[in-house]
Number of protein chains: 2
Amino acid sequence: MAAPEAVILVGRKPATNYVIATVMQFNAGSKRVILKARGSAIARAVATAVMVRDRFMPGLVEIKEVKLMSDKIQAQGGKERYVAAIEIVLEKKS
Amino acid sequence: MAAPEAVILVGRKPATNYVIATVMQFNAGSKRVILKARGSAIARAVATAVMVRDRFMPGLVEIKEVKLMSDKIQAQGGKERYVAAIEIVLEKKS
């Protein structure tokens with residue numbers, strides 16, 4: 001039995017990898033899956049969420065919340081800089 | 001006097017261009033600015049929204065709604081394909 005809530009960090013792999021990971025989490029019993037991404041991976045997180053909702057689990061899963069943030073990161077040379085980030089909460093409909 | 005609601009299409013230019021366009025719309029009197037983007041420009045729309053809210057107009061503007069969709073587009077050769085899209089509604093606090 002999976003945890004009721006799973007977090008998936010979306011990075012540089014193809015979006016379909018994250019789609020499969022998300023669907024597997026739901027099928028293992030998770031109620032919510034949270035996709036997190038930063039910078040250019042944001043577009044991939046959005047693509048993942050939309051594919052899961054509209055194509056892989058239509059009618060079963062909804063996008064419950066979308067949070068936009070800026071994360072502080074340590075750039076090379078020790079400088080701090082801000083990068084945009086997203087959190088997408090996918091939830092199984094009951 | 002600007003329209004109460006403005007739509008900005010986020011494309012391939014640097015995010016700061018869209019930040020400036022958004023801030024100008026609000027300063028011209030718009031109450032809401034809607035950022036729309038598709039595909040890889042989604043990350044730029046998110047960066048724009050976060051920069052406006054946190055750095056350029058802190059305390060003045062909030063992210064009211066974020067919608068994730070898939071848009072059907074006509075690919076080369078007449079095939080249809082789906083691309084992820086985002087709409088971010090920025091609203092002036094009253």
Side-chain angles (χ1 to χ4, degrees), chain A residues 8-19 22 32-73 75 79-91 93, chain B residues 8-19 22 32-73 75 79-91 93:
Chain A
I8 294 175
L9 302 176
V10 176
R12 294 165 180 273
K13 291 176 196 162
T16 44
N17 289 37
Y18 304 107
V19 170
T22 304
R32 331 167 112 213
V33 175
I34 303 173
L35 300 170
K36 294 187 180 186
R38 293 205 289 209
S40 60
I42 288 172
R44 213 164 293 128
V46 170
T48 301
V50 167
M51 273 195 264
V52 170
R53 184 192 58 186
D54 298 345
R55 286 208 279 153
F56 287 79
M57 304 181 81
L60 299 175
V61 161
E62 61 188 335
I63 293 170
K64 200 72 185 175
E65 198 186 349
V66 182
K67 266 185 276 185
L68 308 185
M69 302 148 293
S70 41
D71 279 4
K72 199 190 268 185
I73 61 164
K79 271 189 197 161
E80 284 173 346
R81 73 191 195 86
Y82 288 89
V83 65
I86 199 168
E87 279 186 29
I88 304 170
V89 180
L90 288 165
E91 207 172 280
K93 291 186 188 176
Chain B
I8 293 174
L9 303 176
V10 176
R12 293 165 181 275
K13 291 176 195 162
T16 44
N17 290 38
Y18 304 107
V19 170
T22 304
R32 331 167 111 212
V33 175
I34 304 173
L35 300 170
K36 294 187 180 187
R38 293 205 289 209
S40 61
I42 289 172
R44 213 164 292 128
V46 169
T48 301
V50 166
M51 274 196 265
V52 170
R53 183 192 59 187
D54 297 345
R55 285 209 279 155
F56 287 80
M57 303 181 79
L60 299 175
V61 161
E62 61 188 334
I63 293 169
K64 200 72 184 174
E65 198 186 350
V66 182
K67 267 185 275 185
L68 309 184
M69 300 149 295
S70 40
D71 280 3
K72 198 190 269 184
I73 61 165
K79 271 190 196 161
E80 284 173 346
R81 72 190 196 87
Y82 288 90
V83 65
I86 199 168
E87 279 185 28
I88 304 169
V89 180
L90 288 164
E91 206 171 280
K93 291 186 188 175

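- Of the two parts of A:Ile63, only the side chain, counted from C-beta on, holds a non-hydrogen atom closer than 4.5 Å to a non-hydrogen atom of chain B.
- Listed in order of number, the residues of residues 45-58 of chain A that approach chain B to under 4.5 Å between heavy atoms are A:Val46, A:Ala47, A:Ala49, A:Val50, A:Arg53, A:Asp54.
- Only the backbone of B:Ala85 comes within contact range of chain A, judged by heavy atoms closer than 4.5 Å.
- Residue A:Lys93 places its NZ atom among more than 12 non-hydrogen atoms of other residues, nucleotides or ligands, all under 6.0 Å distant.
- Between A:Ala43 and B:Gly39, the shortest heavy-atom distance links the atoms CB-O, 3.5 Å.
- In this structure, the separation between CG on A:Leu68 and CD1 on B:Ile86 is 6.0 Å, given to the nearest 0.5 Å.
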